[in-house]
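The structure appears right after this line, and notes come after that.
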Protein chains: 2
Amino acid sequence: MTMPTGYDKYAFEPFAVTVDLAVFTLRAGALHVLLVERGQEPYAGHWALPGGFVLPTESAETAARRELAEETGLSDVGGLHLEQLRTYSEPGRDPRMRVVSVAFTALVPDPPEPHAGSDAAQARWLPYDTAKPLAFDHDRILADAHDRVGARLEYTCLATAFCPPEFTLGELQRVYETVWGTALDRPNFRRKVLATPGFVEPVPGAARLTGGRGKPAALYRAGAVTTLHPPLLRPSREGRPA
Amino acid sequence: MTMPTGYDKYAFEPFAVTVDLAVFTLRAGALHVLLVERGQEPYAGHWALPGGFVLPTESAETAARRELAEETGLSDVGGLHLEQLRTYSEPGRDPRMRVVSVAFTALVPDPPEPHAGSDAAQARWLPYDTAKPLAFDHDRILADAHDRVGARLEYTCLATAFCPPEFTLGELQRVYETVWGTALDRPNFRRKVLATPGFVEPVPGAARLTGGRGKPAALYRAGAVTTLHPPLLRPSREGRPA
DNA sequence: TTGACTAATAGTCGTTACGACTATAAAGAG
DNA sequence: CTCTTTATAGTCGTAACGACTATTAGTCAA
């Protein structure tokens with residue numbers, strides 16, 4: 001078999017198509033992820049990634065944006081970055097029926113507290129490190145999303161999506177350090193970022209105290225470029241995930 | 001709406017889930033892609049990417065391997081690289097019904113001639129440059145696949161998937177030049193590749209004439225590593241696709 | 001057999017990038 | 001006032017990289 005010649009409706013097994021969202025943010029210097037507590041079986045009481053069904057008139061991207069708005073109240077926040085991660089289609093990933101799920105990664109700066117949606121007991125930002133174990137195959141989706149974000153930081157200006165519209169280089173550096181879990185040399189980081197054309201541009205005459213302590217830092221905005229040249233590689237790893 | 005509470009079968013609109021394959025190879029120094037000519041409406045007589053429905057018991061990956069075997073006769077070829085690209089879910093991408101398609105990219109070295117499958121008029125390797133226009137949204141899928149392969153060459157040892165088990169550095173370089181569409185300096189390419197630990201390993205005592213002309217080249221095998229450190233960046237581009 | 005021609009391999013040179021540092025400046029806390 | 005904290009400036013040696021030139025080892029055509 002390859003393809004029913006006429007596409008007869010229901011001549012083949014129908015699939016449910018859902019979206020799952022791995023939404024990251026930085027809170028108090030730690031990477032957090034948006035999770036919902038399931039209200040019903042299976043996995044009642046377990047934490048899971050937010051998500052839901054793709055409606056007949058929606059693309060997966062549209063469904064992801066709608067679900068994100070419903071779960072967190074962020075509809076069109078300024079620095080909203082949404083990216084398709086991959087699709088998970090193993091039979092048996094949902095014990096009830098055949099569900100194919102398109103996973104997305106989203107990054108938000110300084111988000112509001114989420115309010116629990118329809119069938120979730122509650123929704124909350126939880127530290128990434130303490131997130132496991134999750135329902136279904138969401139542990140794997142979350143790990144894949146983290147890998148992807150870490151890799152994207154190297155080659156794109158994605159880090160600015162974690163920051164407010166105007167930010168200091170120290171804040172930007174903390175994004176890298178938090179996601180990668182490594183410390184970076186501050187002067188070298190500064191040199192690299194400023195030497196990459198289009199990564200950040202200075203806000204003329206503005207300065208902000210980063211919580212009040214230390215010398216006030218200059219403010220920057222995200223630049224015009226999305227791809228970093230040369231890339232900002234993380235220090236000394238031997239093997240990264242492909 | 002977010003989610004029907006009970007997952008009642010057919011309580012929501014069912015989707016057809018398919019896979020589409022962008023299979024690349026190198027023939028006569030040019031990038032070729034595997035295409036099928038559609039035998040029926042819509043787009044009868046147009047070229048399209050090979051693909052088909054995901055069966056109820058399959059994952060998308062399994063379906064992709066099955067379709068690839070059916071269309072080309074390559075079942076478990078040694079250097080078969082299969083990677084999920086992304087999922088295309090826009091409503092209306094198939095005029096008949098709602099179809100969500102998981103796209104894959106595959107690379108094969110020196111493939112056999114394909115034989116036309118079930119509902120395809122014929123299957124053939126066609127040069128990438130002359131491939132457009134294709135049926136459905138396959139132009140976009142193919143362009144995305146090409147972008148992805150080009151980017152993967154920079155950071156992974158993917159180029160060896162285009163080569164036979166034993167290859168010369170000249171052949172490896174031609175992979176980069178063909179996919180990227182740029183000429184590379186031969187001594188510098190050689191230095192970079194040999195300086196990257198685990199990329200290639202020499203085959204002791206073996207040498208091959210690359211078509212008979214010139215000095216015989218040493219043979220290499222693919223190394224143990226999948227991720228290149230440091231990356232082999234393509235020369236002087238200002239903006240790449242994100 | 002001899003002299004193009006071709007492709008592989010070796011090596012050089014100057015510039016830039018990068019990691020590890022040290023030093024200075026500007027704020028708040030006690 | 002001084003200690004602490006954070007931002008910013010700059011230095012230095014090494015490694016990487018782009019642009020070359022040179023040599024070697026084959027085929028091919030006269």
Side-chain angles (χ1 to χ4, degrees), chain A residues 28-29 153-155 163 166-178 180 182-220 228-238, chain B residues 28-29 153-155 163 166-178 180 182-220 228-238:
Chain A
L153 287 189
E154 298 190 309
Y155 308 116
C163 297
E166 299 190 343
F167 52 88
T168 70
L169 292 187
E171 290 170 337
L172 188 66
Q173 181 176 350
R174 234 159 285 128
V175 172
Y176 279 90
E177 292 179 329
T178 304
W180 286 349
T182 58
L184 299 176
D185 180 81
R186 196 185 288 268
N188 289 343
F189 178 83
R190 171 186 202 75
R191 179 180 39 174
K192 268 293 273 175
V193 169
L194 295 180
T196 304
F199 191 4
V200 297
E201 51 186 30
V203 177
R208 184 173 40 162
L209 298 307
T210 324
R213 302 164 74 91
K215 176 175 173 176
L219 286 178
Y220 294 84
L228 261 37
H229 253 315
L232 208 158
L233 300 173
R234 68 189 104 179
S236 71
R237 301 134 307 178
E238 292 316 282
Chain B
L153 287 189
E154 297 190 310
Y155 309 116
C163 297
E166 300 190 341
F167 51 87
T168 70
L169 293 187
E171 290 170 337
L172 188 66
Q173 181 177 350
R174 234 159 285 129
V175 171
Y176 279 89
E177 293 180 327
T178 304
W180 286 348
T182 59
L184 300 176
D185 180 81
R186 196 183 288 271
N188 290 342
F189 178 83
R190 172 187 202 75
R191 179 179 41 175
K192 268 293 274 175
V193 170
L194 295 180
T196 304
F199 191 5
V200 297
E201 52 185 29
V203 178
R208 184 173 39 166
L209 297 310
T210 324
R213 302 165 75 92
K215 176 175 174 177
L219 286 178
Y220 294 85
L228 261 38
H229 256 314
L232 208 158
L233 299 174
R234 68 189 102 178
S236 70
R237 298 134 309 174
E238 293 316 282

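Since the model is a prediction, treat every value here as computed from it, not as a measurement. In what follows, chains are A, B, ... by sequence order, proteins preceding strands, each numbered from 1.
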What are the two closest non-hydrogen atoms of [X] and [Y], and how far apart are they?
{"X": "A:Glu171", "Y": "A:Glu166", "result": "OE1-O, 4.4 Å"}
{"X": "A:Leu184", "Y": "A:Pro235", "result": "CD2-CD, 3.9 Å"}
{"X": "A:Glu154", "Y": "A:Arg234", "result": "OE2-N, 2.9 Å"}

Of the nucleotides D:dC28, C:dA8, D:dA7, which has the atom closest to the A:Ala217 side chain?
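Of the options given, the side chain of A:Ala217 lies nearest D:dA7.
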Value in whole Å for how far the [atom2] atom of [N] lies from [atom1] of [X]:
{"X": "A:Phe167", "N": "D:dA7", "atom1": "CZ", "atom2": "C1'", "result": "16 Å"}
{"X": "A:Arg234", "N": "C:dC18", "atom1": "CZ", "atom2": "C1'", "result": "18 Å"}
{"X": "B:Phe189", "N": "D:dC17", "atom1": "CZ", "atom2": "C1'", "result": "15 Å"}
{"X": "B:Leu219", "N": "C:dA8", "atom1": "CG", "atom2": "P", "result": "12 Å"}
{"X": "A:Gln173", "N": "D:dA7", "atom1": "CD", "atom2": "C1'", "result": "11 Å"}
{"X": "B:Lys215", "N": "D:dC28", "atom1": "NZ", "atom2": "P", "result": "18 Å"}
{"X": "A:Arg186", "N": "D:dA9", "atom1": "CZ", "atom2": "P", "result": "13 Å"}
{"X": "B:Arg213", "N": "C:dA8", "atom1": "CZ", "atom2": "C1'", "result": "15 Å"}

After noting the C-alpha distance and the side-chain angles of B:Tyr155 and B:Leu233, does the key distance pass the side chain to side chain contact (heavy atoms under 4.5 Å, CB included) rule?
CA-CA 8 Å; B:Tyr155 309 116; B:Leu233 299 174; 3.8 Å; yes
Only counting residues at least two apart or in another chain, list the ones meeting side-chain hydrogen bond (donor to acceptor under 3.5 Å, both in side chains) with A:Glu201.
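Listed in chain order: nothing, the list is empty.
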Bending between helix ends of the helix from C:dT1-D:dA30 to C:dG30-D:dC1 [5 pairs per end, 10° resolution]
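Comparing the first five pairs with the last five, the axes sit 0° apart.
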I'd like to check the ring-ring contact (aromatic ring centres under 6.0 Å, His included) partners of B:Phe189; sequence neighbours left out, ordered by chain and number.
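Partners of B:Phe189 under the ring-ring contact (aromatic ring centres under 6.0 Å, His included) test: B:Tyr176.
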List, one per line, each side-chain donor-acceptor pair under 3.5 Å for residues 190-200 of chain B, sequence neighbours excluded.
from: B:Arg191; atom 1: NH2; to: B:Asn188; atom 2: OD1; distance (Å): 2.8
from: B:Lys192; atom 1: NZ; to: B:Pro231; atom 2: O; distance (Å): 3.2
from: B:Thr196; atom 1: OG1; to: B:Lys192; atom 2: O; distance (Å): 2.9

B/S/- contact track for nucleotides 10-17 of chain C, protein heavy atom under 4.0 Å:
BB------
